[in-house]
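So the structure is just underneath, and the comments pick up after that.
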Amino acid sequence: MNHKVADLKLAEKGRLKLEWAESRMPVLMALREKARIEQPLKGMRVAGCLHVTKETAVLVRTLQAAGAEVSWSGCNPLSTNDEVAAALAAEGTSIYAWHGLSVDEFYWCIEKTLEFKPTLTLDDGADLIFTVHAKHPELCATILGGTEETTTGVHRLRAMAADGKLKYPVFAVNDSETKWDFDNVYGTGQSSIDGILRATSVFLAGKTFVIGGYGHCGRGVAMRARGMGANVVVTEVKPTQALKAVLDGFRVMPMDEAAKIGDIFITATGVRDILVERHFRSMKDGAIISNTGHYDVEINIGDLEKLSRGKREIRPSNEEYLLEDGRRIYLLAQGRLVNLAAAEGHPSEVMDMSFANQFLALCRLAKDGKTLAKKVYELPPELDQELAQLKLGTIGVAIDALTDEQKRYAADYSAGT
Ligand code: 3DD
């Protein structure tokens with residue numbers, strides 16, 4: 001058996017979800033049809049560790065169409081969609097993933113994907129590549145390269161490379177403009193609100209919505225929360241980001257102040273302990289807290305447990321903590337990334353570009369990996385314009401082009417006042 005999933009009987013429902021996603025990922029589907037002929041990943045074995053969603057399944061099928069053998073695990077204990085995992089297993093994909101993994105099971109799944117000795121790795125958070133380096137360094141000799149999907153993972157890999165510990169080249173897919181400036185902003189903006197609404201059905205209009213962090217993700221969430229009529233408050237540690245939030249029309253204050261007035265909280269910093277004991281002590285009765293950062297370290301759950309005399313799951317992905325003084329605080333998705341743990345992650349249309357970058361990065365590694373140094377690379381910036389042009393074409397948007405005269409003017413530094 002080359003898979004372990006929750007329930008194979010869910011496969012048909014998963015196949016329908018996959019069909020829906022394929023109909024909304026035209027750029028990746030076009031790349032798939034081209035690759036089906038050219039077979040750029042022929043003979044490759046791709047070990048992937050990335051949220052098992054309907055969009056990821058479209059990427060998996062594209063890798064397979066391009067000639068790769070694939071073995072997959074989810075990159076978060078709560079983000080696997082069991083129906084999608086069942087669909088992939090039923091069509092023969094080696095996949096080890098189910099919703100609600102323990103941490104030990106999480107790493108067991110990663111280990112299983114390494115059994116076929118991959119030639120390429122694909123990560124979202126760097127847990128797979130870190131496991132290879134820490135526990136199976138011998139595999140690095142046959143791995144041509146890897147890719148990394150998210151900001152947190154790229155930070156980890158850059159630190160490994162700076163330490164001289166990176167044993168094969170990696171493409172920072174997150175750093176492509178057609179990934180971070182779309183997925184992280186617009187994707188996280190919509191999917192985080194989606195996760196909060198699915199877990200609470202709360203009325204957002206008029207509520208004080210506190211966002212920890214005004215990076216790409218926080219900025220997207222702020223934009224969409226305002227769109228739903230919420231009163232957005234931003235907290236930050238970086239002066240330039242805080243200033244941008246003020247100029248974008250949001251209130252900015254320290255979390256110690258925001259904790260007293262917030263109705264709904266979401267952390268999006270990538271840093272630990274953004275919400276801690278003193279914040280829980282000052283929160284209003286009924287406050288809702290959530291996280292959309294990659295790891296579950298931004299809300300200090302130990303502190304929350306310390307202040308509570310009990311907890312119960314009041315709705316799926318929604319735990320009510322009853323504090324000693326009678327106040328209640330609602331923790332969503334056990335403090336894990338609420339967009340994927342309580343909803344379906346970003347919509348297919350935006351993952352279309354993220355995964356086109358993933359696919360092209362893997363094809364580049366298959367072709368040139370042997371010649372690349374053991375460091376973190378970025379994809380060529382011109383690829384962003386190509387992908388954005390393809391995307392525009394799929395939504396029927398035409399744009400202008402510079403004339404030769406305009407190009408000459410732009411290159412002519414002597415043209416002054
Ligand atoms: N991520 C968000 N939505 C996703 C989806 N529908 N499928 C797969 C992964 C998904 C996570 C990405 O935002 C990733 O780029 C990240 O973590 O930064």
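As the structure lists them, so they are numbered: ligands from 1, and atoms in each ligand from 1. FYI, the numbering just counts along the sequence from 1. The figures here come from the full heavy-atom set of this structure, side chains too, leaving out hydrogens, waters and symmetry mates.
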Say whether Lys179, considering both its backbone and side-chain N or O atoms, lies within less than 3.5 Å of an N or O atom on ligand 1.
yes
Could you check which of Glu149, Met351, His346 puts a non-hydrogen atom nearest to atom 10 (C) of ligand 1?
Met351
Protein heavy-atom partner closest to atom 8 (C) of ligand 1 - residue, atom, separation in Å
Thr56 OG1, 3.2 Å
Check ligand 1 against Thr150 and write out every atom of the ligand that is under 4.0 Å from a heavy-atom position of the residue.
16 (C), 17 (O), 18 (O)
Heavy atoms only: give me the nearest Ala87-Gly14 pair and the separation to one decimal.
CB-C, 3.7 Å
Just jot down the ligand 1 atoms closer than 4.0 angstrom to any heavy atom of Leu50, in number order.
8 (C), 9 (C)
Run the numbers for me: atoms of ligand 1, each under 4.0 Å from some heavy atom of Glu344, listed by number.
6 (N)
Residue pair Ile143 / Pro118: nearest heavy atoms and the distance that separates them
CG1-O, 3.4 Å
Going by heavy atoms, is Phe355 under 4.0 Å from ligand 1?
yes
Say whether Thr53, considering both its backbone and side-chain N or O atoms, lies within less than 3.5 Å of an N or O atom on ligand 1.
yes
Is the Trp108 ring parallel, tilted or perpendicular to the Tyr96 ring (thresholds 30°, 60°)?
perpendicular
Is a salt bridge present between Lys311 and Glu305, judged by a nitrogen-to-oxygen distance below 4.0 Å?
yes
Under-4.0 Å heavy-atom contact with ligand 1, by part of Leu340 that carries it
side chain
Looking at Glu55, Glu83, Glu344, Glu22, which hits side chain to side chain donor-acceptor pair (under 3.5 Å) with Lys17?
Glu83
Using a plain distance cutoff, I'd like to know if Glu55 has any nitrogen or oxygen under 3.5 Å from a nitrogen or oxygen of ligand 1.
yes
Against Ile261, only a single residue in Met253, Met283, Lys284 fulfils side chain to side chain contact (heavy atoms under 4.5 Å, CB included); can you say which?
Met253
Check Arg156 with Asp123, please: is the shortest side-chain N to carboxylate O separation under 4.0 Å?
no
Among all protein heavy atoms, pick the one closest to atom 13 (O) of ligand 1 and tell me residue, atom and distance.
Asp183 OD1, 2.8 Å
Can any side-chain N or O of Glu148 pair as donor or acceptor with the backbone N or O of Gly125 at less than 3.5 Å?
yes
